[in-house]
Amino acid sequence: MKIGILALQGDFIEHTDIIDKLGARPVPVRQPEQLEGLDGLIIPGGESTTMLKLMHNYNLFQPIKELAHSGLPVMGTCSGMVLLAKKVFNPDMNTLSLMDIDVRRNAFGRQVDSFETGISVPLLGDKPFPAVFIRAPLIENTGPDVDIMSRLPDSKIVAARQGNILAFSFHPELSNDSRIHRYFLEIAAGFRSEDSKETIVKAAIPAD
Ligand code: GLN
């Protein structure tokens with residue numbers, strides 16, 4: 001299974017390592033051709049304004065958007081989440097707009113730029129997930145098709161899923177817990193089998 005990691009800026013190496021450890025093939029993505037044949041794509045944390053600019057410069061913006069619309073599983077962490085959001089505050093920006101969420105950048109204020117805390121992600125079981133927040137964004141609103149995966153004790157939303165798109169405020173690649181990446185790989189495996197189902201169905205239709 002091939003998982004693309006957008007490798008323009010930010011902490012793509014950490015995602016690469018974890019995907020490799022889990023037995024899938026990580027593919028650093030810097031050119032549109034590298035998007036071919038992927039089973040999933042990860043947009044890492046870093047600096048969303050810079051990453052957005054580079055995505056345009058390297059002609060990756062539109063192809064990524066189209067692949068996500070066609071069902072490719074995409075996971076965004078921290079600034080990756082900002083880039084997936086339909087609406088961004090602080091300041092506004094023109095993102096990939098793949099998920100019906102409103103996101104506030106740098107939502108925790110300067111005095112608490114970074115922290116780590118165990119959060120509840122019911123989908124992953126009872127054990128809290130060690131979540132690393134670094135100048136993290138928050139989800140302020142979700143549309144009707146968005147499933148909330150995790151909230152902080154004060155009910156702030158920090159993880160969500162809309163179909164094939166996953167978004168996390170924090171950095172699952174910076175902790176020793178691989179459950180979120182495993183979960184993403186399960187979704188990615190489903191995408192490929194949907195694909196092969198389609199191929200099988202097509203093969204079964206008799207030609208004229
Ligand atoms: N504050 C950054 C942004 O808005 C995100 C920080 C991060 O990815 N750790 O892009």
Side-chain angles (χ1 to χ4, degrees), residues 3-19 26 28-30 40-58 60-61 64-65 68 73-119 121 129-142 146 148-152 154 156-162 165-181 183-184:
I3 303 294
I5 323 255
L6 190 65
L8 300 173
Q9 191 264 337
D11 72 338
F12 52 89
I13 306 262
E14 286 79 358
H15 282 288
T16 307
D17 289 349
I18 193 160
I19 290 299
V29 172
R30 295 190 182 90
L41 176 72
I42 295 176
I43 306 182
E47 180 54 44
S48 47
T49 42
T50 311
M51 223 182 282
L52 185 64
K53 210 164 141 191
L54 293 171
M55 276 165 90
H56 282 293
N57 291 354
Y58 287 75
L60 286 164
F61 185 88
I64 288 177
K65 204 168 159 145
V74 178
M75 172 164 94
T77 61
C78 205
S79 63
M81 174 169 106
V82 174
L83 293 172
L84 295 174
K86 226 172 207 174
K87 198 164 189 183
V88 175
F89 302 109
N90 190 29
D92 183 15
M93 55 198 276
N94 287 322
T95 61
L96 290 162
S97 194
L98 292 170
M99 203 172 176
D100 193 6
I101 54 175
D102 297 351
V103 164
R104 179 169 300 277
R105 295 178 65 202
N106 303 315
F108 291 90
R110 276 199 195 145
Q111 71 280 20
V112 266
D113 276 341
S114 308
F115 61 97
E116 183 177 337
T117 185
I119 61 165
V121 187
F129 190 90
V132 178
F133 292 83
I134 302 170
R135 293 187 304 116
L138 267 182
I139 301 174
E140 290 195 334
N141 267 306
T142 58
V146 176
I148 295 169
M149 290 174 64
S150 180
R151 290 176 182 271
L152 294 178
D154 63 3
K156 286 181 178 134
I157 305 165
V158 291
R161 174 175 178 181
Q162 183 176 359
I165 314 290
L166 294 175
F168 299 91
S169 292
F170 51 94
H171 289 267
E173 73 286 5
L174 295 183
S175 62
N176 284 325
D177 193 323
S178 59
R179 282 179 291 164
I180 285 177
H181 287 80
Y183 176 66
F184 182 62

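For the numbers below, each heavy atom of this structure counts, side chains included, while hydrogens, waters and symmetry mates do not. One-based numbering, in listed order, for ligands and for the atoms of each.
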**OP:** Taking atom NZ of K87 as the centre, report whether more than 12 heavy atoms of other residues, nucleotides or ligands fall under 6.0 Å from it.
**Re:** no
Original post:
What class does the angle between the rings of F133 and F115 fall in, given that below 30° is parallel, 30 to 60° is tilted and above 60° is perpendicular?
Top reply: parallel
**OP:** Consider every N or O of T77 and every N or O of ligand 1, then say whether any pair is closer than 3.5 Å.
**Re:** no
**OP:** May I ask whether M51 places a heavy atom under 4.0 Å from ligand 1?
**Re:** no
Original post:
In the protein, which heavy atom is nearest to atom 7 (C) of ligand 1, and how far is it?
Top reply: C78 SG, 2.8 Å
**OP:** Give the contacting part of R135 toward ligand 1: side chain, backbone, both or neither, where contact means a heavy-atom distance below 4.0 Å.
**Re:** both
Subject >> Basic-acidic side-chain contact under 4.0 Å: R135, E47 >> reply: yes
Subject >> Protein contact to atom 4 (O) of ligand 1 [nearest heavy atom, distance to 0.1 Å] >> reply: R105 NE, 2.6 Å
**OP:** State the atoms of ligand 1, each with its element, that fall below the 4.0 Å cut-off from a heavy-atom position in G45.
**Re:** 8 (O)
Original post:
Looking only at heavy atoms, what is the nearest atom pair of V29 and G4, with distance?
Top reply: CG2-CA, 3.9 Å
Original post:
So which heavy atom on R105 is nearest to which on N90, and how close?
Top reply: O-ND2, 2.9 Å
**OP:** Heavy-atom contacts with H171 under 4.0 Å: which atoms of ligand 1 show up? List them by number with element.
**Re:** 7 (C), 8 (O), 9 (N)
Original post:
Looking at CG of L166 and CE of M149, how far apart are the two atoms once the value is rounded to the nearest 0.5 Å?
Top reply: 6.0 Å
**OP:** Please work out which of G46, S48, A136 has its closest non-hydrogen atom nearest to atom 5 (C) of ligand 1.
**Re:** G46
**OP:** Report the nearest protein non-hydrogen atom to atom 1 (N) of ligand 1: residue, atom name, distance rounded to 0.1 Å.
**Re:** N106 OD1, 2.6 Å
Original post:
Among side-chain atoms of E14 and T16, is any donor-acceptor pair under 3.5 angstrom?
Top reply: no
Original post:
For V82 and ligand 1, does the shortest N/O to N/O distance drop below 3.5 Å?
Top reply: no
